[in-house]
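Reading through the structure tokens given below for one structure.
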Protein chains: 2
Amino acid sequence: MPKQVDHDERRRQLTEALLRIASTRGLQAVSMREIAAEAGVSLRVVQYYFTDKQALLDSGLAELAARLDRRVRQRAAADTGRLSTRGVFEAVLGAILPSDEQSRLDSLAWTAYYTAALTDPALAAAALTRPDALEDFLTTRLTTAQQAGDLASDRDPRTEVATLLALANGLTASVLGRQRSHAAATAIIDYHLDRLFGPTATLRPPPD
Amino acid sequence: MPKQVDHDERRRQLTEALLRIASTRGLQAVSMREIAAEAGVSLRVVQYYFTDKQALLDSGLAELAARLDRRVRQRAAADTGRLSTRGVFEAVLGAILPSDEQSRLDSLAWTAYYTAALTDPALAAAALTRPDALEDFLTTRLTTAQQAGDLASDRDPRTEVATLLALANGLTASVLGRQRSHAAATAIIDYHLDRLFGPTATLRPPPD
DNA sequence: ACTGTTAGGATACGACTGTATCCATAAAGG
DNA sequence: CCTTTATGGATACAGTCGTATCCTAACAGT
């Protein structure tokens with residue numbers, strides 16, 4: 001047998017080439033030949049490791065979901081026990097908003113996939129499933145905080161969580177379109193976390 | 001001369017055919033021939049009334065912006081004087097969220113354009129300009145309400161408006177993806193308007 | 001009535017698409 | 001050693017794309 005190639009590694013390289021194109025030139029600029037060129041291989045190699053273009057697109061979507069999940073998990077879930085409830089929300093929402101260049105590119109690709117899924121049934125199943133896990137986790141956490149007295153009793157945890165996630169998505173769109181800076185988006189999130197959890201002590205000036 | 005055709009009317013028909021395709025099959029499904037078929041004319045006619053595909057896309061974007069502007073204006077700005085500040089916000093935000101089938105289709109097309117503009121410089125200039133007018137109008141209105149004592153003094157009108165608009169966009173995305181119903185999105189908006197303007201009197205049960 | 005312009009039908013061009021096929025090479029197993 | 005199999009280069013195919021061209025038909029102005 002020939003060179004004995006690691007198929008998973010090859011597929012990973014091609015998937016990353018695909019996402020690089022999708023995030024910089026859009027999902028409609030993704031073609032078999034473009035992926036090959038971006039990855040520095042021939043067209044045949046792309047065909048060899050992926051049966052279909054659809055398989056390639058599916059792989060890109062899966063990798064993207066894994067990346068976003070990883071980002072949220074690394075920022076928050078690792079030491080979720082040690083963080084305050086507010087800290088958890090800051091971490092999760094901060095992980096959703098595009099901050100550095102890489103997360104911006106990933107958000108761009110994700111937006112492209114999401115939009116394509118709205119009119120393409122082949123992508124809808126994979127891209128339009130609601131990520132219940134994150135929402136449930138935050139709702140549970142916020143409900144607990146409310147029972148502990150850290151959240152006003154007239155707040156509805158489910159609605160508050162749904163709001164913050166939808167708000168983060170809306171802000172993300174505006175950051176991607178460069179209508180708002182990352183800092184401005186973060187400020188808006190913080191404003192609402194302040195209201196949610198009351199005038200927090202973190203950076204309050206010392207009492208005179 | 002021949003049939004003496006109304007060029008503007010012809011262009012309007014073709015633009016609407018374009019938007020019909022973009023909102024149901026996506027912007028990447030829009031081709032000259034598809035537009036011709038959708039409008040029931042020949043390819044040559046499409047070429048005759050639009051010099052470019054780019055001109056066609058620009059026309060679609062302009063029509064879309066006009067429709068959304070019209071929707072907001074009809075719901076709110078016409079009798080903005082007679083409405084309460086809360087009523088204005090309900091009207092504007094309700095006009096942004098896709099409600100009936102037509103506004104859903106328009107929102108789909110708008111989302112497709114916005115996403116395409118993120119990676120296509122030819123669309124970026126027209127689609128990624130911040131609609132300052134609406135935001136400024138609402139901010140002014142909210143500031144006035146605050147001065148009249150209808151809004152708690154520790155609220156920041158600018159941030160509140162930016163939040164509600166970004167929230168409406170985020171909720172719109174979830175409604176388009178059928179992850180949330182229109183009613184659920186409206187409930188979330190109302191929840192926050194309740195908090196903004198205090199426990200409102202509109203539907204409060206009569207005091208015993 | 002003739003002429004010139006406008007409106008569109010028909011067709012073609014080169015580029016690009018996803019996919020399929022043919023064939024060469026290289027290494028592992030007998 | 002030699003056959004088999006995994007890898008990938010080269011090329012082809014049938015569509016579709018935006019755009020260009022050619023030509024005809026119908027009417028306005030003179």
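So that the names make sense, note that chain A is the first sequence line, chain B the second, and so on, each numbered from 1.
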* Asked: Which pairs with one or both residues in residues 160-172 of chain A pass side chain to side chain donor-acceptor pair (under 3.5 Å), sequence neighbours excluded?
  -> A/R155-A/E160, A/E160-B/Y191, A/T163-B/H192

* Structure fact -> Looking only at C/dA12, C/dG18, C/dT17, the nucleotide nearest the A/E34 side chain is C/dT17

* Ignoring the backbone of B/H7, work out which of C/dA7, D/dG18, D/dT7 is nearest its side chain. => C/dA7

[N] [atom2] sits how many Å from [X] [atom1], rounded?
{"X": "A/Q28", "N": "D/dT16", "atom1": "CD", "atom2": "C1'", "answer": "16 Å"}
{"X": "A/M32", "N": "C/dG18", "atom1": "CE", "atom2": "P", "answer": "6 Å"}
{"X": "A/K53", "N": "C/dA20", "atom1": "NZ", "atom2": "C1'", "answer": "17 Å"}
{"X": "B/R33", "N": "C/dG9", "atom1": "CZ", "atom2": "C1'", "answer": "14 Å"}
{"X": "B/L27", "N": "D/dG18", "atom1": "CG", "atom2": "P", "answer": "11 Å"}
{"X": "B/L57", "N": "D/dC17", "atom1": "CG", "atom2": "C1'", "answer": "13 Å"}
{"X": "B/D52", "N": "D/dG18", "atom1": "CG", "atom2": "P", "answer": "11 Å"}

Would you call [X] and [Y] a salt bridge, using N to O less than 4.0 angstrom?
{"X": "B/D194", "Y": "B/R86", "value": "yes"}
{"X": "A/R104", "Y": "A/E101", "value": "no"}
{"X": "B/E63", "Y": "B/R12", "value": "no"}

* Strand contacts (DNA chain C) in residues 35-48 of chain A, 4.0 angstrom heavy-atom criterion -> A/L43, A/R44, A/Q47

* Asked: If you look at every strand shown and take non-hydrogen atoms under 4.0 Å, does B/Y49 touch a base, only sugar-phosphate, or nothing?
  -> sugar-phosphate

* **B/Q146 versus B/D150, side-chain donor and acceptor atoms under 3.5 Å** => no

* **Residue B/R25 excluded, over 12 heavy atoms near CZ under 6.0 Å** => yes

